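To start, the structure itself, in structure tokens.
These numbers were taken from a predicted model, which means no experiment stands behind them. By convention in this document, chain letters (A, B, ...) are assigned in the order of the sequence lines, proteins followed by strands, and residues within each chain are numbered from 1.
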Amino acid sequence: MGYDFQSIEKKWQDYWRKHQTYKAVIDHNKPKYYVLDMFPYPSGSGLHVGHPLGYIASDIYSRFKRHKGYNVLHPMGYDAYGLPAEQYAIQTGTHPEITTEKNILRYREQLDKIGFSFDWSREVRTSDPQYYKWTQWTFIQLFNSWYNNKTKKAEKIDLLINHFKEKGNAGIDAACAEIDEFTSDDWNGYSETKQQEMLMNYRLAYLSNTMVNWCPELGTVLANDEVKEGLSERGGHPVEKKMMKQWSLRITAYSQRLLDGLDNVDWPDSLKEMQRNWIGRSEGASVFFNLEHKFDPKEIDPFDEEQWGIEVFTTRPDTLFGATFMVLAPEHELVDQITTPEQKEVVEKYKLWAKNRSERERMTEVKNVTGEFTGAFAINPLTNEKIPIWIADYVLSGYGTGAIMAVPGHDSRDFAFASHFKLPIIQVVVKDGDNPTDTSTWDDSYDSKEGIIINSGFINGLTVTEAMKDTIAKIEEMKIGKGTINYRLRDAIFSRQRYWGEPFPIYYKDGMPYALNQNELPLELPKVDSYLPTSDGNPPLANAKGWITSDGYPLETNTMPGFAGSSGYYLRYMDPKNENQYFSKEANEYWRDVDLYIGGDEHAAGHLIYSRFWNKFLYDIGLVCEDEPYKKLINQGKIQGRSSFVYRITGTNKFVSYNLRKEHQTQALHVDIELVNNDVLDVDGFKSWRSEFENAEFILEDGKYICGHEVEKMSKSKHNVQNPDSLIEKYGADTLRLYEMFLGPLEQDKPWDTNGIEGVFRFLKKLWKLYFDENNNLIVTEKKATGEELKSLHKTIKKVTSDVERFSFNTGVSAFMICINELNDQKCNSREVLEPLAILLSPYAPHVSEEIWSALGHKESISTATYPIHNEEFLTENTFNYPVSFNGKMRFKISLPVNMEKADIEKEALKAEEAQKWLEGKSVRKIIVVPLRIINIVVG
RNA sequence: GCUCGAGUGGUGGAAUUGGUAGACACGUUGGACUUAAAAUCCAAUGGCCAUCGCGGCCGUGCGGGUUCAAGUCCCGCCUCGAGUACCA
């Protein structure tokens with residue numbers, strides 16, 4: 001008998017399912033609270049102990065909020081599209097849907113066993129046509145919208161078309177591709193195809209030729225955030241740059257709003273900082289440099305001023321006088337036009353070399369200075385000096401204008417380039433108080449913004465900041481440039497050459513894309529015979545038979561990327577079964593936004609930016625009522641694996657215990673952590689683990705084989721994966737929940753170590769014994785609780801409540817332990833204390849709390865109970881045990897009445913017996929008394 | 001390189017506003033119960049010194065500083081982790 005967690009947990013999980021205890025229904029009499037977990041990709045290996053960490057925290061918080069009278073929305077679903085299921089399909093032919101379904105069932109089973117209070121009636125799956133219908137629908141809205149920089153919001157493309165019909169594109173300030181002016185007559189004279197082509201420059205979802213991250217191994221394009229250090233995030237395959245026609249989302253239109261919105265959300269600073277860096281705003285100026293000559297008059301449009309000059313972006317307009325050469329990205333469109341015949345060959349060679357270089361090579365070989373002279377010259381607009389134009393791949397085509405004015409004196413990259421190619425270096429900024437020096441003696445440039453301008457005509461003597469302002473004013477007056485802001489953020493490439501993803505609701509007519517009508521949605525993913533690209537290199541959907549509209553137009557064969565379905569899932573949870581709308585206005589106006597979002601920080605530059613963009617767009621078109629989707633966000637730390645090692649003596653089948661390993665030449669081998677308990681190896685288990693160890697011999701210490709250990713990433717190959725199932729089997733879900741919280745602060749990374757779990761399990765057994773005897777008869781009485789008992793309870797209520805409110809779950813668990821230890825010592829069995837305690841504990845350990853609650857005679861679930869409020873009266877003391885310090889060092893304690901006057905406290909402290917030896921032969925200089933804190937006596 | 005975060009016993013960690021450093025738990029050691037084991041319970045447990053049942057010194061990565069008082073604040077370093085990577 002005793003604490004039978006297995007039957008208790010099963011009983012209550014069944015009860016919750018049957019009674020739909022956690023079903024959330026709109027109730028205008030209650031305040032809403034929306035708690036969301038980042039939904040999982042259901043992988044084939046199931047959950048390991050790291051996954052539920054955040055879910056447990058959010059579940060505790062959800063349950064706490066319910067007790068506090070909130071109407072809590074706490075849903076769960078699956079990010080069901082993803083590469084692993086598709087890779088598996090390619091290998092085995094199993095449809096990804098089948099694999100995914102199987103994995104979801106396993107996930108669900110595991111999640112259920114942990115006792116989460118999810119409202120499963122709201123479950124969504126991104127791969128469900130009823131869900132992706134709205135992903136497709138949103139895409140169409142994006143396709144049919146443009147971003148008006150004047151109103152700072154997305155607007156309907158029809159408004160734009162009307163404007164074009166009446167006034168051409170004059171007076172339009174849109175986030176769009178570079179575009180020439182056209183009149184209403186031009187527009188009305190355009191063919192439909194030409195009009196569509198023009199509109200594509202404005203649409204928020206648009207098709208264009210872009211430089212993409214192509215991953216040959218995965219056979220698809222990847223977004224910037226899916227590439228880490230030149231390799232694909234999934235699988236670590238090489239990535240190369242390639243020009244391809246792709247769908248993109250014009251997220252850059254929202255750069256400033258995405259940046260500004262960060263000021264209004266309660267997120268970790270580090271995460272906000274990551275997003276700010278990713279958006280990468282920089283202020284500066286764009287400046288036109290005229291070319292000295294036009295080299296091939298035939299190729300230049302005499303009416304296009306831009307072709308006569310090169311536009312650069314700089315954050316240091318103050319150093320314009322120091323610009324001694326220009327550098328273009330090798331892909332820059334003017335390179336061919338300006339290159340002189342003499343330089344043609346070397347420039348072509350360099351362009352080819354740069355093009356074939358992998359991203360990884362380019363990134364790792366940053367220190368190598370490469371480049372070629374084009375033979376052309378530009379004119380520095382302020383000095384009127386002739387300066388050479390070079391190409392080099394340290395200038396990126398994707399940032400700014402793909403061209404720079406090089407200021408070698410004050411930019412370290414330009415300095416390295418100038419030094420290498422012997423180009424002139426001029427000093428135009430001098431550190432305040434220093435004298436200018438000969439730049440030929442410099443080891444590096446002076447990049448700091450601290451200083452005074454020299455050698456710079458009208459800005460001489462100004463500070464850097466003043467000079468920036470004046471230079472911008474000057475170039476604006478000269479009509480050769482203006483102050484501008486640049487963002488590092490790129491438009492999000494939205495096409496994937498993959499099967500397992502949302503089909504685009506797009507068909508092609510005369511080569512131009514058109515959106516399907518809403519009533520044609522969802523456009524369901526077709527069956528294919530092969531999940532590989534077609535022989536002519538088209539995406540897998542090109543294998544589908546009859547992949548055409550009812551009118552016979554071909555459908556788009558790319559699919560959407562992983563972040564498509566996850567960008568708006570929190571909205572669908574508000575009204576997941578709605579067949580006519582993404583979600584109803586009523587549901588959105590009630591649930592509004594996510595109050596608490598818990599998940600990993602690996603989504604900082606991906607999901608969390610896309611999702612905010614998605615939401616802001618829906619906000620612009622009047623669909624959602626909040627501008628930011630996630631009010632408060634917490635990053636749960638990762639749980640690392642704790643690997644165990646055995647030490648094989650090299651060349652033998654003999655294993656030596658950890659502390660004796662130095663005496664031999666050994667090789668450390670990972671051993672399955674299931675075979676290790678407190679670093680002691682289960683020797684017999686080890687022998688039967690693998691046939692090769694069947695006859696293994698051991699050198700023991702103290703009769704035991706001690707394993708070594710190391711903290712590493714949790715992975716199958718390291719045999720350190722801990723899945724929750726076996727722990728739940730052994731200790732129960734309540735123990736697992738408490739233990740994961742007890743491990744340490746939620747936000748911190750920490751190694752998984754089962755060693756401490758026994759302590760939490762013991763705690764629950766001790767708790768049980770407060771309520772039940774050995775035969776599980778209730779021993780709770782109606783007897784009035786003592787002052788001590790009430791003090792223990794109310795101290796705990798106070799502590800646990802404030803801990804939950806500040807998401808300090810580990811200290812909350814400690815507080816429970818302290819409370820149980822005290823009540824045990826007090827032999828407390830009073831209902832007055834034990835009943836509120838059960839409510840207090842129920843967010844953490846819901847199963848055992850429900851069992852206790854019902855044993856106490858309640859018919860309703862404990863989740864309906866009102867959370868206890870601490871009463872300060874029980875906590876007030878008559879005396880305080882003052883620590884008495886001498887010169888800041890605590891020497892002894894003295895118990896004094898809490899209301900004693902400072903002067904009397906001083907007297908008492910000095911009078912105390914223990915004080916005498918510290919006072920001996922010394923004079924008291926000062927006494928500091930902080931009431932109810934400390935007494936410090938300064939002697940000397 | 002730049003940005004952000006973190007360094008506290010054998011281990012995970014606590015100390016919420018500058019005020020008793022090491023709560024709580026694991027582990028370890030000793031003891032009780034038991035034929036034995038498990039479970040349970042009790043005690044000790046930062047290091048060093050000690051006439052080890054009085055008592056003292058040192059101690060929160062390192063070096064300075066502010067303060068009656070610093071794990072906490074300031075300055076300068078070191079180490080580790082994360083993000084980013086020629087972003088002009």
Can you check the distance between [N] and [M], where both ends of the measurement are the [atom1] atom (answer in whole Å)?
N: B:U16; M: B:A21; atom1: P; value: 13 Å
N: B:U84; M: B:A15; atom1: P; value: 31 Å
N: B:G63; M: B:G81; atom1: C1'; value: 24 Å
N: B:A37; M: B:U28; atom1: P; value: 16 Å
N: B:G18; M: B:A25; atom1: C1'; value: 28 Å
N: B:A14; M: B:C26; atom1: C1'; value: 15 Å
N: B:G61; M: B:A50; atom1: C1'; value: 30 Å
N: B:U60; M: B:A23; atom1: C1'; value: 15 Å

Worksheet item: Taking only side-chain nitrogens and oxygens of A:S282, does any of them come within less than 4.0 Å of OP1 or OP2 of B:A88?
Response: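 Answer is yes, contact under 4.0 Å.
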Fill in: Any A:K765 side-chain nitrogen or oxygen under 4.0 Å from OP1 or OP2 of B:U40
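Yes, because at least one side-chain N or O of A:K765 sits under 4.0 Å from OP1 or OP2 of B:U40.
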What is the base-pairing partner of [N], counting Watson-Crick and G-U wobble geometry with both distances under 3.5 Å?
N: B:U60; result: none
N: B:U11; result: B:A25
N: B:G30; result: B:C42
N: B:G83; result: B:C2
N: B:G19; result: B:C68
N: B:U35; result: none

Worksheet entry | Parallel, tilted or perpendicular, as decided by the 30° and 60° cut-offs, for the rings of A:Y350 and A:W353 | tilted
Worksheet entry | Ring geometry between A:Y3 and A:W768 (parallel below 30°, tilted from 30 to 60°, perpendicular above 60°) |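 The arrangement is tilted - the two ring planes meet at 30° to 60°.
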Round to the nearest Å and state the distance from [X] atom [atom1] to [N] atom [atom2].
X: A:N755; N: B:A25; atom1: CG; atom2: P; result: 16 Å
X: A:E914; N: B:U20; atom1: CD; atom2: C1'; result: 15 Å
X: A:D269; N: B:G83; atom1: CG; atom2: P; result: 18 Å
X: A:D753; N: B:U11; atom1: CG; atom2: P; result: 12 Å
X: A:D414; N: B:C86; atom1: CG; atom2: P; result: 14 Å
X: A:K902; N: B:G19; atom1: NZ; atom2: C1'; result: 13 Å
X: A:W278; N: B:A85; atom1: CH2; atom2: C1'; result: 11 Å
X: A:Q275; N: B:C4; atom1: CD; atom2: P; result: 16 Å

Practice prompt. Could you check which of B:U11, B:A82, B:C24 has an atom nearest any side-chain atom of A:D601?
Written response: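 In terms of side-chain proximity for A:D601, the closest of B:U11, B:A82, B:C24 is B:A82.
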Worksheet item: For the side chain of A:D411, counting heavy atoms from C-beta on, which of B:A88, B:A23, B:C4 is nearest?
Response: B:A88
Fill in: side-chain hydrogen bond (donor to acceptor under 3.5 Å, both in side chains) between A:K926 and A:N936, worked out
CA-CA 8 Å; A:K926 198 173 178 183; A:N936 190 17; over 6 Å; no
Fill in: A:I934 vs A:Y399, nearer the 5' end of RNA chain B by closest nucleotide
A:I934
Practice prompt. Would you kindly compare A:V813 and A:M890 by the position of their nearest RNA chain B nucleotide and give the one closer to the 5′ end?
Written response: A:M890
Worksheet entry | Inter- and intrachain pairs under ring pair (Phe, Tyr, Trp, His ring centres under 6.0 Å), touching residues 392-417 of chain A, at least two apart |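 Listed once each, the pairs are A:F325-A:F417, A:W390-A:F417, A:Y394-A:F417, A:F417-A:F421.
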Kindly give the atom pairs (protein nitrogen or oxygen, nucleotide nitrogen or oxygen) under 3.5 Å for nucleotides 13-18 of chain B.
from	atom 1	to	atom 2	distance (Å)
B:G13	OP1	A:Q748	OE1	3.3
B:G13	O3'	A:N810	ND2	3.4
B:A14	OP1	A:N810	ND2	2.9
B:U16	O4	A:K799	NZ	2.7

Select base, sugar-phosphate, or nothing to describe what [X] touches, counting heavy atoms under 4.0 Å on all strands.
X: A:R362; value: base
X: A:V327; value: nothing
X: A:I404; value: base
X: A:N821; value: sugar-phosphate

Discussion item. Does A:T252 form a side-chain hydrogen bond (donor to acceptor under 3.5 Å, both in side chains) with A:D491? I'd like the steps, not just the answer.
Written reply: CA-CA 5 Å; A:T252 51; A:D491 279 343; 2.5 Å; yes
Worksheet item: Heavy atoms, side chains only, cut-off 4.5 Å: are A:H870 and A:L875 in contact?
Response: yes
Fill in: Over 12 foreign heavy atoms within 6.0 Å of CZ, A:R925
no
Worksheet item: Would A:Q826 and A:S792 count as having a side-chain donor-acceptor pair, cut-off 3.5 Å?
Response: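 Judged by distance alone, the side chains do pair up.
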Discussion item. Generate the contact string for nucleotides 51-74 of chain B. Rules: B means base contact, S means sugar-phosphate contact only, - means no protein heavy atom under 4.0 Å.
Written reply: ----SSSS---------BS-----
Short heteroatom pairs, N/O only, protein and nucleotides 41-48 of chain B, under 3.5 Å:
none

Practice prompt. Assess whether side-chain hydrogen bond (donor to acceptor under 3.5 Å, both in side chains) is satisfied between A:D447 and A:S445, documenting all intermediate values.
Written response: CA-CA 6 Å; A:D447 292 8; A:S445 56; 2.5 Å; yes
Practice prompt. Just label B:G7 as syn or anti from its O4'-C1'-N9-C4 or O4'-C1'-N1-C2 angle, using within 90° of 0 for syn.
Written response: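 Anti for B:G7; the angle lies over 90° from 0.
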Whether [Y] and [X] form a salt bridge (side-chain N of Lys/Arg under 4.0 Å from carboxylate O of Asp/Glu) is what I want to check.
X: A:E872; Y: A:K798; value: yes
X: A:D263; Y: A:R276; value: yes
X: A:R357; Y: A:D393; value: yes

Worksheet entry | Pairing residues for A:F763 by the ring pair (Phe, Tyr, Trp, His ring centres under 6.0 Å) criterion, not counting sequence neighbours | none
Discussion item. Please give me the minimum heavy-atom distance between A:P381 and A:V287, naming the atom from each residue.
Written reply: CG-CG1, 4.2 Å
Show me, pair by pair, the donor-acceptor contacts under 3.5 angstrom made by side chains of residues 741-750 of chain A, not counting sequence neighbours?
from	atom 1	to	atom 2	distance (Å)
A:D749	OD1	A:K638	N	2.7
A:K750	NZ	A:P745	O	2.6
A:K750	NZ	A:Q748	O	3.3

